[in-house]
Amino acid sequence: MDCIHPTPDERAFQRTEMLYIDAETCIDCGLCVDACPVNAIFRDDDLPEGMERYASINADYFAMGDHEPVAPGPSLKFPKTEEDPFRVAVVGSGPSGFYAARELLAFKRSGIEVDMFDRLPTPWGLVRAGVAPDHPETKSVTDLFAEVSRRPGFRLHLNVEVGKHITHAELLEHHHAVIYAVGAPSDRRLDIPGEELDGSLAATEFVAWYNGHPDYAGRSFDLSGGRAVIVGNGNVALDVARLLVLDPDRLAKTDMAEHAVDALRGSAVEEVVLLGRRGPAQAAFTNPELLALGYLPGVDIVVDAAELELDAASAAEVESDPAKKLKLDILREYASRPRADHPKRIVLRFLASPVEIQGDGKASGVVVARNEMVADEDGVMRARSTGDTELLEAGLVLRSVGYRGVPVPDLPFDDARGTISNVGGRVTEVGSDVPVPGTYTAGWIKRGPSGVIGTNRQCAHNTIALIVEDLAAERLNAPKGDREALEALLAERQPEKVDWAGWKLIDARERELGKAAGRPRVKLLDIGEMVAIAKG
């Protein structure tokens, strides 16, 4: 498919927000439609309502420069080895874990076995517990992952926690290699006064709550105030803002947790303010998410044109980057729109940082400092307070300044980066290049919280390349125990383990409940109930 750019071998691939199809080289073969995991391929004359602009966005991408295909790198080849079967454990059942398993099981060689582990009785990671409920097309990537689960050599071990039911050393005793793809389940803090007040919470908790994550189903959020403030302006922040102002009747048709739909029906929130500490050129949200805001029914998108004025360095940054230029164009369009006085609104603020959350036991407002962009001693543009402040009254303050990984038992952890210590995917001792034998990582716990779901495919590919390299160089130790020994150990340690067949029973029950309610599914929240269903 030489018509799709940027390719994984092009420099722009690592930072692109979307892929583009070159009309000059497209031959209408349809392969992209079959290959796209989220059903996002449309003809330019058949774009759904609200997506018409993508025809010109796609054309502009190819008009702005030379996008000749780059010759792809060599495909991975499984080395000649006497290790048969070759066994790999994958810890984590989100996108990076499944992409790694898919890469391994795609080798034209029998005898490759992949055991996947997850501490919850349900798979899919952040696709299930992080993707916004009103984005069902994104969740359809699980169809691709389900296909992996049906391949010979794959086994799924859900409701099994590494570090509790089985140790890292025991995984290595039963596998040649172990890949940790456990994501970044925690969040970064603001470290400002008042952050511990009631009503000041992490957006990651709010996301897990409305998506029905069992660990967060019992949480509550005070939605009685008229204004909510979200600190941060990445895609997660936009998701949360959008769901706070969407019509609950629309959300009731999604797979949002029932307790969240009920809470949002009683919400008094009319305005959501997003605070970005840097300027619009540095805003973290992607253009597709920003563009979609403009089509929300009954919602004004408010942008102050004065906050879109760029310093010289930011202006040059925008001029050299088509994605940033498009971002500024969209923001300027929002700023120029006449206010429709809809009942709900989302306000996008820039060069604004919280310096204190005020309240008497409970958050009642945020002190916001006005920033300016200045170059540091290395020439990097950074936000610096001007000293001017204002008070924004708000009863709910959600910080959304980045996900963060947490330490994994028995593995070295880079606390500064919030990742497992690694070099390119090989786990290493902290502060060195010395590898931990047979141990690898992929996804956010490898590189930090960056990119979109598809980014994990190349990330996993690169990690598998290291495993293949180490196998060829005879750096991997043969396991002492086989798959039957592993099953016996797990049966003893965790009799409530859920396999793929058990997950399909849970999945069928959720879909059955959803069908009765006119929804795609109703998520089960109680782990005990899920295990009981899985056991039949």
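Please read these numbers as outputs of a predicted model, since none were measured by experiment.
- A salt bridge links Asp115 to Arg87: one of the charged nitrogens lies within less than 4.0 Å of a carboxylate oxygen.
- Ring pair His168/Tyr180 is tilted by interplanar angle, where 30° to 60° counts as tilted.
- Classification of the Phe98-Trp124 ring pair by plane angle, with boundaries at 30° and 60°, yields tilted.
- When atom types are taken as modelled, the side chain of Ser267 and the backbone of Arg265 share no donor-acceptor pair closer than 3.5 angstrom.
- When Trp209, Tyr216, Phe221 are each tested for a ring-ring contact (aromatic ring centres under 6.0 Å, His included) with His259, only one passes: Trp209.
- Legend: side chain to side chain donor-acceptor pair (under 3.5 Å) pairs involving residues 524-536, not counting sequence neighbours: none detected.
- Taken to the nearest 0.5 Å, the OG1 atom of Thr463 stands 10.0 Å off from the CD atom of Glu103.
- The backbone N or O of Glu496 sits less than 3.5 Å from a side-chain atom of Asn159, completing a donor-acceptor pair.
- Looking only at distances, no side-chain donor or acceptor of Asp410 sits under 3.5 Å from a matching main-chain atom of Ala169.
- Ionic pairing of Lys515 and Glu512 is not present here: no N-O contact between side-chain nitrogen and carboxylate oxygen is shorter than 4.0 angstrom.
- Using a cut-off of 4.0 Å between Lys/Arg side-chain N and Asp/Glu carboxylate O, Glu173 and Lys480 are scored as not salt-bridged.
- In summary, Asp414 and Lys446 do not engage in a salt bridge, as defined by a charged side-chain N under 4.0 Å from a carboxylate O.
- A salt bridge between Asp134 and Lys253 is absent, with no side-chain N of the basic residue lying under 4.0 Å from a carboxylate O of the acidic one.
- For the side chain to side chain contact (heavy atoms under 4.5 Å, CB included) test with Tyr99, the passing option among Val90, Val148, Asn456, Thr455 is Asn456; the others fail.
- Ion pair Glu510/Arg519 not flagged as a salt bridge, since none of the NZ, NE, NH1 or NH2 atoms sits closer than 4.0 Å to an Asp/Glu carboxylate oxygen.
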Using the rule given for side-chain contact (heavy atoms from CB on, under 4.5 Å), can you reason through Val141 versus Val127, listing the C-alpha separation, both sets of side-chain angles and the distance that settles it, and then say yes or no?
CA-CA 8 Å; Val141 72; Val127 177; 4.0 Å; yes

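- Partner of Ile179 under the side chain to side chain contact (heavy atoms under 4.5 Å, CB included) criterion, chosen from Thr441, Ile467, Val91: Ile467.
- Scored by the ring pair (Phe, Tyr, Trp, His ring centres under 6.0 Å) test, Tyr440 finds no partners at all (sequence neighbours excluded).
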